[in-house]
Protein chains: 2
Amino acid sequence: MTSKSLHGEIENRLVEHELRYTSARKSVVAALITSDGPLSASELHDEFGGSVPLSSIYRSLVVLEETGILAPHLGTKGLTRYELAEWLRGHHHHFVCIDCGAVEDVAVDDTHERSVDAMVNEISSRVAFTPINHALEIEGRCARCA
Amino acid sequence: MTSKSLHGEIENRLVEHELRYTSARKSVVAALITSDGPLSASELHDEFGGSVPLSSIYRSLVVLEETGILAPHLGTKGLTRYELAEWLRGHHHHFVCIDCGAVEDVAVDDTHERSVDAMVNEISSRVAFTPINHALEIEGRCARCA
DNA sequence: TTCCTTGCAAACGATTTGCATTGGA
DNA sequence: TCCAATGCAAATCGTTTGCAAGGAA
């Protein structure tokens with residue numbers, strides 16, 4: 001999906017909810033399209049050189065999450081990072097550096113993904129839990145920290 | 001491993017570090033041995049009916065993590081839950097409820113675990129990243145929230 | 001006695017919210 | 001025009017820390 005069509009999809013989604021695709025929201029989305037991993041509010045704030053106030057970034061993140069455009073990344077201590085939802089960005093997993101905390105996306109080929117899917121379904125069928133999604137976090141050291 | 005031998009292993013580990021296995025630390029460990037998933041500081045605080053001050057719980061968690069007895073579960077927004085480290089509790093994965101945030105342990109059989117291992121190694125070999133551990137989080141709804 | 005540990009309260013960092021103002025359809 | 005969205009500052013929430021008192025070796 002091109003960056004342009006992504007913005008279009010997102011604008012549609014917001015309009016369906018009677019919300020506007022404002023410049024703050026566009027900035028957040030644009031940064032996340034470019035980024036190679038999820039970003040936190042303060043990382044976005046830095047990315048914008050402080051031009052967008054933190055409170056506006058937080059409010060944008062709330063709205064974009066509520067409308068299913070962004071998803072929180074469950075993988076960092078003490079802060080929340082966000083990324084584009086799967087329908088926009090495709091399924092993938094993460095590397096998480098145990099030293100510097102950086103998070104990087106990683107693509108997974110179909111063969112492996114199918115075996116993970118099978119495993120998730122098999123496991124969930126044994127307990128009272130309805131699986132909706134899964135996330136494989138690979139913890140280790142990134143090139144810089146190794 | 002029995003609960004008794006767990007406490008013994010843990011006490012040894014602390015003594016090696018010239019630290020004491022105090023009652024606050026014992027309470028935290030005991031609660032995590034019993035729990036069917038990782039717990040946060042405030043969940044532990046509730047568990048103890050407020051008898052152990054939050055600051056002591058936090059300090060216990062820090063010490064127990066530094067000595068490799070507990071591992072943080074990087075999960076839900078804004079708070080950190082802890083669980084016994086793998087050498088005490090064995091490898092497993094998690095169900096995370098997207099509504100209430102509850103986290104529950106789930107065992108994985110060897111066959112499936114081997115395929116996840118293979119996948120992690122394969123993926124990591126393609127990029128400059130040294131894998132140390134991995135966590136498969138299955139997101140969905142728990143019985144109560146379904 | 002010595003030093004680790006605790007309890008309380010104040011300090012902190014990330015996130016949220018009240019309110020008056022701005023801005024987009 | 002009208003109401004969503006913003007900016008600022010104050011409030012909250014989870015977590016950390018300084019310091020004096022308590023407790024185990």
Side-chain angles (χ1 to χ4, degrees), chain A residues 7-8 10-30 38-67 69-82 100-101 103, chain B residues 7 10-30 38-67 69-82 100-103:
Chain A
H7 282 290
I10 289 164
E11 172 147 35
N12 290 342
R13 173 72 71 115
L14 285 171
V15 169
E16 281 169 22
H17 289 259
E18 304 184 338
L19 297 167
R20 298 168 190 162
Y21 198 27
T22 61
S23 66
R25 292 169 190 175
K26 270 180 200 147
S27 299
V28 167
V29 167
L39 298 175
S40 68
S42 71
E43 286 166 342
L44 287 163
H45 187 251
D46 292 347
E47 187 91 5
F48 306 146
S51 61
V52 182
L54 263 174
S55 65
S56 296
I57 293 176
Y58 278 111
R59 276 199 258 239
S60 294
L61 292 172
V62 168
V63 167
L64 293 168
E65 181 184 0
E66 282 173 349
T67 49
I69 292 161
L70 299 186
H73 170 244
L74 311 177
T76 319
K77 242 174 137 167
L79 58 80
T80 307
R81 284 185 235 251
Y82 291 85
C100 69
V103 180
Chain B
H7 282 290
I10 289 164
E11 173 148 34
N12 290 342
R13 174 71 72 113
L14 285 172
V15 169
E16 282 169 22
H17 289 258
E18 303 184 338
L19 296 168
R20 298 170 191 161
Y21 198 26
T22 62
S23 67
R25 292 168 189 173
K26 268 179 199 148
S27 299
V28 167
V29 167
L39 298 174
S40 67
S42 71
E43 286 166 343
L44 288 162
H45 187 249
D46 292 347
E47 186 91 7
F48 306 146
S51 61
V52 182
L54 263 176
S55 64
S56 297
I57 294 177
Y58 278 111
R59 277 199 257 239
S60 294
L61 293 173
V62 169
V63 167
L64 293 168
E65 183 186 356
E66 284 174 349
T67 48
I69 293 160
L70 299 187
H73 171 245
L74 308 179
T76 327
K77 305 167 70 161
L79 59 77
T80 307
R81 285 181 231 254
Y82 290 84
C100 70
V103 181

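Numbered from 1 within each chain, the chains take letters A, B, ... in sequence-line order.
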For a quick test of reading the model: is some side-chain N or O of A:Ser40 closer than 4.0 Å to OP1 or OP2 of C:dA14? no
Could you check how far NE2 of A:His45 sits from P of D:dG7, rounded to whole Å? 10 Å
Of the listed nucleotides C:dA14, D:dA4, C:dG7, the one nearest the side chain of B:Pro53: C:dG7
Can any side-chain N or O of B:Arg13 pair as donor or acceptor with the backbone N or O of B:Thr67 at less than 3.5 Å? yes
Under 4.0 Å between any heavy atoms, over every strand shown, what does A:Ser55 touch: base, sugar-phosphate, or nothing? Just pick one. base
Do any side-chain nitrogens or oxygens of A:Tyr58 fall under 4.0 Å of OP1 or OP2 in C:dT16? no
Between CG of B:Leu61 and P of C:dT5 the distance, given in whole Å, is 14 Å
Quick check: closest heavy atoms across B:Arg25 and B:Ser60, and the distance to 0.1 Å? CG-OG, 3.7 Å
So for atom CD, which belongs to B:Glu18, do other residues, nucleotides or ligands contribute more than 12 heavy atoms lying within a distance under 6.0 Å? no
Quick one: which of D:dC3, C:dT5, D:dT15 gets closest to the side chain of B:Arg20? C:dT5
Among D:dG18, C:dT17, D:dG14, find the nucleotide with the atom closest to the side chain of A:Arg59. C:dT17
If I take atom CG in residue B:Leu64 and atom C1' in nucleotide C:dC4, what distance separates them, rounded to the nearest angstrom? 14 Å
Expressed as a whole number of angstroms, how long is the span from A:Lys26:NZ to D:dT6:P? 11 Å
Which atom pair, heavy atoms only, marks the closest approach of B:Pro38 to B:Arg81? O-CD, 3.4 Å
Side-chain N or O of B:Thr22 less than 4.0 angstrom from OP1 or OP2 on C:dT6? yes
Separation of A:Ile57 atom CD1 from C:dA14 atom C1', in whole Å? 13 Å
Any N or O donor-acceptor pair under 3.5 Å from the base of C:dG23 to the side chain of A:Arg25? no
Nearest heavy-atom contact between B:Leu61 and B:Ala41 is CD1-CB, 4.0 Å
Atom pair distance, as rounded to whole Å: CG in B:Leu14 and P in D:dA24: 16 Å
For A:Glu18 and B:Leu54, find the nucleotide of DNA chain D closest to each by heavy atoms; which residue's nucleotide sits nearer the 5' end? A:Glu18
Gap between atoms CG and C1', on B:Leu44 and D:dG14 respectively (whole Å): 14 Å
Could you state the atom-to-atom distance from CG of B:Leu19 to P of D:dA24 in whole Å? 16 Å
